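Just so it is clear, the structure is predicted and the values come from calculations on it, not from any experiment.
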Amino acid sequence: MTKMSTVKLQDLIDSSFLQEFQDNFALSVGVASLIEDNQGQAITCPSCFSTFCKDIIRTSEVGLKRCLVDDMRGAAEAMRTGKPAVYQCHAGLIDFAAPIILNGKVLGTIFGGQVLTEQLSEEHCRKNAKELGVNSDKYTASIKEIPVVAKEKIQAAAKVLFSVANTLSKNAYQALKLKENNREIALSYNRLENIFNTMSDGVLIIDDKGIIKQVNGITEEIFDRPGSHLLNKSIKDLMGSETPFIENVYKEQAAYNDFEIFIDAKLGRLHCLSSGRPILDDEGIISGGVIILRPIKIVHNLINRLSGAQATFRFGNIIGQSPPILKSIQLASQAAAGMSNVLIEGESGTGKEVFAQAIHNQSSRRKGPFVAVNCGAIPRELMISELFGYTEGAFTGAKRGGRPGKFEFASGGTIFLDEIGDTPLELQVALLRVIQERKITRMGDNKVIPVDLRIICATNKNLALEVDKGNFRQDLYYRLNVISLKIPPLRERQEDIPLIFNYMLNTMGREWGKSMRKVDPEVITLLKQYRWPGNVRELQNIVERIISVANEDTIKVEHLPEHIINHIDLTIFPLGPSRNESLRAREIIKQNLNEKERQQILDFLLKASGNISHAAKQMGIARSTLYRKMRQYNISN
């Protein structure tokens, strides 16, 4: 909204028209006339001003000040009464004023007058001349040239000017409103222009003939052409003949939402979601439409981001300094620089997905999605629809509108196929075609959808052996096994166990609010002697158990599970004296732990006055467990 304090009369009226009117009015009526703004600045040139006022009165500093005071008094009177003010100035002349008002504020005044209703006495004239400090003879001679006008004529002239002032007020109000409306229109246009150019979707504005009249920057990116090459072209020619619903927008006023279309763009076939709305004029007649294009890649990236389909691990998150793990990291880092498929082999729990995520995050595709699929966890009958997607009605229970598959979601990034060895043979054929052609077809559809992705597979099986058995296609094996990466099991990198253990202990401890500052050296010895069939994942579970049961800041042997304490590895303890010594040492540890637990039970029974239920509750175990341990340690009730 335009502020009244910034509105100026000269910005709202036609000065040249008013000047012409004022000159003609003054000449025909015989009175002087002038329009001033609210600061006393002249908007028009004086019309029929007498030489008496101009050359005598206003040349005097005192006379000029008195004239301004009289004018202000006349304007104030007119404002107060809402009528033209007729008043006598300090020199005895008759003047009149008509204010120009806008929203209760005076923007200016139309002044008229410099006439007499009767001749003034010479005595009066000389007295005024003396007060003003001007020559009295000139003053007296000049005032005699002022016309004498009847009072009725003066009143009539004043009413005419007041009517003109009212008209100017209305015109000024309309001009102000027009100015405000234009400002609002300009502001709205700028807002829409900013929205138009900052949208993440492509936008095309078309006329009622389907001719493109405006596009935004994203549209230029989608088609890889400057806007000048798109404007004034038919939307049908640009989008192809498979989109009749676009024509319905500007022909039948039919809107549509999220239709899947394929555009032959400069960089290849582009898969998009499109929506359209007709544009109607103020009479409801269609004048064109707006078409929205959203590349399906952007949609999938959003879904992946919200669903957590992003890689979080990097090579810096892989803990270890042993030669086997460093060799695997080096090879994986080299694989990340290329685009070839990668096959990761390793036992369960060795961290195959961690390596896959690290490869993705160090590759040129790191800004794209990372979609992980466990091929062994998907029911056989659902694998095709899960990986390739399906259309509406493709099978009983198919979701309305269909659903994209994992390959589409991974387009522009990496798909990680875990447990690839569990893939059924019929799916292996379809997977081989995807690798070769980089195209997929949804279940129940015949449209070919291009996909741009890198495939990383993982297995805990020996795929070469599975090929020999006939469980895995040989041609698929060779296409996947371009770069082979083997992850060593934890038992082959014993020197990394303390590093991984301490890292997990500190990380989980912070998350759980527990500080584990010390670790008994015997704990590390037992951990390194254990074979770790579950690898790093099993070690993680052990650390979580330790943090849960430990009530002090030192990790001791008693906090370990019994199967680790009692484990004997003949590869670590070979036959001979050293083995016997280790067995004896282990037996001593076990005896000490048993004695400590026996004494703990006795202490709790003593505190509970022999009440088995109360003692078991204080120990946090079941009563049956306490009975069993009492029998084990020969404790009588």
Side-chain angles (χ1 to χ4, degrees), residues 181-303 391-392 400-402 404 408 411-412 442 445-450 452:
N181 291 339
N182 289 340
R183 180 177 178 275
E184 286 297 326
I185 291 172
L187 186 59
S188 297
Y189 176 81
N190 289 335
R191 288 170 178 163
L192 293 175
E193 186 76 8
N194 287 334
I195 294 172
F196 184 75
N197 289 320
T198 55
M199 285 183 65
S200 59
D201 300 331
V203 184
L204 302 94
I205 307 297
I206 57 177
D207 64 12
D208 58 351
K209 299 294 188 298
I211 304 301
I212 300 171
K213 294 300 180 183
Q214 193 174 1
V215 298
N216 67 347
I218 300 299
T219 303
E220 296 178 344
E221 293 179 14
I222 290 175
F223 291 96
D224 194 31
R225 303 181 200 171
S228 58
H229 290 187
L230 300 174
L231 298 181
N232 299 317
K233 295 187 182 304
S234 170
I235 187 72
K236 185 177 179 180
D237 294 341
L238 184 67
M239 306 288 282
S241 58
E242 297 182 2
T243 53
F245 45 86
I246 293 181
E247 293 185 36
N248 293 336
V249 171
Y250 59 89
K251 287 183 177 180
E252 301 180 10
Q253 301 184 18
Y256 67 93
N257 288 312
D258 294 334
F259 276 34
E260 287 190 80
I261 63 173
F262 294 88
I263 301 171
D264 291 323
K266 192 174 181 180
L267 297 179
R269 197 164 175 78
L270 187 64
H271 187 190
C272 290
L273 288 181
S274 178
S275 300
R277 287 286 185 279
I279 299 175
L280 308 179
D281 62 17
D282 57 342
E283 296 181 356
I285 299 174
I286 191 164
S287 62
V290 55
I291 307 299
I292 306 293
L293 296 178
R294 181 175 301 152
I296 204 73
K297 178 181 177 181
I298 295 176
V299 178
H300 290 167
N301 285 345
L302 178 62
I303 294 174
T391 59
E392 184 175 342
R400 185 175 181 181
E408 287 185 66
S411 188
R442 290 185 187 176
D445 200 0
N446 57 6
K447 291 181 180 178
V448 176
I449 301 174
D452 171 29

Quiz item: Got a second to check how far E221's CD is from L293's CG, nearest 0.5 Å?
Solution: 13.0 Å
Practice problem: Measure the shortest side-chain to side-chain distance between E184 and N181 over non-hydrogen atoms and say whether it is less than 4.5 angstrom. | Solution: no
Quiz item: So, the side chain of S275 versus the backbone of D258: is there a donor-acceptor pair under 3.5 Å, distance only?
Solution: yes
Self-check item: Heavy-atom side-chain contact between R225 and L238 under 4.5 Å
Solution: yes
Quiz prompt | pair L280-Q253: side-chain heavy atoms closer than 4.5 Å | solution = yes
Quiz item: Where do V203 and N216 come nearest, in terms of heavy atoms and distance?
Solution: N-OD1, 3.0 Å
Quiz item: If every non-hydrogen atom of K213 is compared with every non-hydrogen atom of D207, which pair is closest and at what distance?
Solution: CE-OD2, 3.3 Å
Quiz item: Do Y250 and E247 come close enough that some side-chain heavy atom pair is under 4.5 Å?
Solution: yes
Self-check item: Closest heavy-atom pair and its distance - R442, I449
Solution: NE-CD1, 3.8 Å
Self-check item: D201 (side chain) donor-acceptor with I292 (main chain) under 3.5 angstrom
Solution: no
Quiz item: Quick check: does any side chain N or O of S287 sit under 3.5 Å from a backbone N or O of I279, one acting as donor and the other as acceptor?
Solution: yes
Practice problem: Work out which heavy atom in P278 is nearest to a heavy atom in A255; give both atom names and the distance. | Solution: CD-CB, 4.1 Å
Quiz prompt | Rounded distance (nearest 0.5 Å) linking atom CG of N257 with atom OG of S274 | solution = 9.5 Å
Practice problem: Considering non-hydrogen atoms only, spot the tightest contact between P450 and S411 and give its length. | Solution: O-OG, 4.4 Å
Exercise. Decide yes or no for L204 and L230: does some side-chain heavy atom of the first lie under 4.5 Å from some side-chain heavy atom of the second?
Key: no
Quiz item: Can you name the residues that form a side chain to side chain donor-acceptor pair (under 3.5 Å) with N248, not counting sequence neighbours?
Solution: none
Self-check item: Shortest non-hydrogen separation from R277 to Y256 and the atoms involved
Solution: NH1-O, 3.3 Å
